[in-house]
2 protein chains.
Amino acid sequence: MSPRHSAAEARRTRERIVERGMALASCDGLEGLTIGRLAADLKMSKAGVLGHFGTKEALQLATLSGAAAAFSRLVWEPAADAEPGLPRLRAVCDAWIAYMDTARDVFPGGCFFTTASVEFDARSGPVRESLARMHRAWRRRLAAEVRTAVAAGDLPADSDPEQVVFELVGLFMALNQEIQLFAAPDAVDRARRTLDRLLGPRRESPVP
Amino acid sequence: MSPRHSAAEARRTRERIVERGMALASCDGLEGLTIGRLAADLKMSKAGVLGHFGTKEALQLATLSGAAAAFSRLVWEPAADAEPGLPRLRAVCDAWIAYMDTARDVFPGGCFFTTASVEFDARSGPVRESLARMHRAWRRRLAAEVRTAVAAGDLPADSDPEQVVFELVGLFMALNQEIQLFAAPDAVDRARRTLDRLLGPRRESPVP
DNA sequence: CCTACCGATCGGTAGG
DNA sequence: CCTACCGATCGGTAGG
């Protein structure tokens, strides 16, 4: 415990650790996220860092939760007010593409969840299971919008929602590679073109 | 050097190290590939392992080369005799999907190159550059087949080869996630359906 | 190819 | 929140 600091100060310190952990893990993965490096970056002792979590695995899970909260704020919340179905689906996908392109301050190493899930997809344990749960939840939400769009006649009646979501996931991972591995200037354009092909061309304003 | 063994024996040992390294790195990444673990698995000393490469980075590069050779053998060679253009493109993509699905003995942790390139895409140095070069070479070869297919009238005349390749890359990465993170039984079916949508439906036999 | 090391860093603990 | 540790493991070297 911290006799010299208030509970609010301790919470704030914990937030700072998680925030820095998210940035580090986006570059070096959740295993490359070491307590010593985190402590040095934050000018704290290793014990001071670890005390907030107990174990490295708990630190990884806390970093994962923090990243999921940031992802919700950057991708889902901006689209929350859009009309359910195709409009919201487009809004979410646009925000997702923007998150890949511009969320460098939060995730300097690119998409945190691509890095972490590829890193853990051949391991076992709570970190992997937490990642799988998050991906499943996001896929479910995307699929629900596809279904609404189909019901509204905004996507072909024979669309397979899971299939559309599978292709969207591929689009986001390919975009991440385009940005991170190749630093391709036209990465976002390419992603948008794929999106238009999957969901139909964008309309500037609603057409009756 | 190895006074007790012939050069051929040394070469064989090096191959064994690289082979085991490919399997380990497909699970734990090229950083998670440690000399100590490799030595223990092969019942060698750490110095015995490292002596074949000199540094860990050289070991990582050798493992990368070995994996590229395996990938060529599994994905490019089976399609080498197919007719250039769409038939060969389909053959390569089919082999690529089969590689994801069945190359478990060589790469038990799934696609080695997805793991390694996501792991290194936010770092700098020779490993990252080597990975980027490999991905670029494969993309070039895929794009060349797309161009041939367009010229032959087997793909729409307005196809953008780089765009098609971008979408194929996404398909392979999404398939890897489907298999590794979700162990989805219908992963290969989904990938094939996307492939049919991208390249047109498969024909059982050539139609005049 | 081995044994026997090296300093650095890992995750984690004791005690204040 | 700190200092001061712990054993284990890291990449790598010397010398045979």
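Any value given below was found using the heavy atoms of this structure, including those in side chains, with hydrogens, waters and symmetry copies removed. Residue numbering restarts at 1 for every chain, and letters A, B, ... go by the order of the sequence lines.
Relative orientation of the Trp96(B) and Phe172(B) rings is parallel, given thresholds of 30° and 60° on the angle between their planes. Aromatic ring pairs are classed by plane angle as parallel below 30°, tilted from 30° to 60° and perpendicular above 60°; the pair Phe71(A) and Trp76(A) is perpendicular.
In DNA chain C, consecutive stretches of 3 or more Watson-Crick or G-U wobble pairs with both distances under 3.5 Å are given as paired ranges: C:1-16 with D:1-16.
Listed in residue order, the members of residues 44-59 of chain B having a heavy atom less than 4.0 Å from DNA chain D are Lys46(B), Ala47(B), Leu50(B), Thr55(B), Lys56(B).
Contact between the side-chain N/O atoms of Thr34(B) and the OP1/OP2 oxygens of dT9(D) is not found at any separation under 4.0 Å.
Nucleotide dT3(D) holds its P atom 14 Å from the NZ atom of Lys43(A), rounded to whole Å. Rounded to an integer number of Å, the gap from CD of Gln60(B) to P of dC10(D) is 14 Å. Glu31(A) has its CD atom 8 Å from the P atom of dG11(C), to the nearest Å. Rounded to an integer number of Å, the gap from Arg37(A) CZ to dG11(C) P is 12 Å. Rounded to whole angstrom, the span from the CD1 atom of Ile35(A) across to the P atom of dC10(C) amounts to 9 Å. Computed from coordinates, the Leu33(A) CG to dG12(C) P distance equals 12 Å when rounded to whole Å. Atom CG of Leu38(A) is separated from atom C1' of dC1(D) by 15 Å (rounded to the nearest Å). Atom CZ of Arg14(B) is separated from atom P of dC1(C) by 12 Å (rounded to the nearest Å).
With hydrogens and angles left out, the side-chain atoms of Gln163(A) and Thr194(B) include a donor and acceptor closer than 3.5 Å.
Among all heavy-atom pairs drawn from Met44(B) and Val49(B), the shortest one is CE-N, 3.7 Å.
The backbone N or O of Gln180(A) lies less than 3.5 Å from no partner atom in the side chain of Asp121(B), so there is not a single donor-acceptor pair.
A side chain to side chain contact (heavy atoms under 4.5 Å, CB included) with Ile97(A) holds for exactly one of Val92(A), Val188(A), Val75(A); it is Val188(A).
Around the CD atom of Glu15(B), the shell of radius 6.0 Å holds more than 12 heavy atoms that belong to other residues, nucleotides or ligands.
To the nearest 0.5 Å, atoms CG (Leu33(B)) and CD (Glu119(B)) are separated by 9.5 Å.
A search for salt bridge (charged side-chain N to carboxylate O under 4.0 Å, His left out) contacts involving Glu167(B) returns Arg197(A), not counting sequence neighbours.
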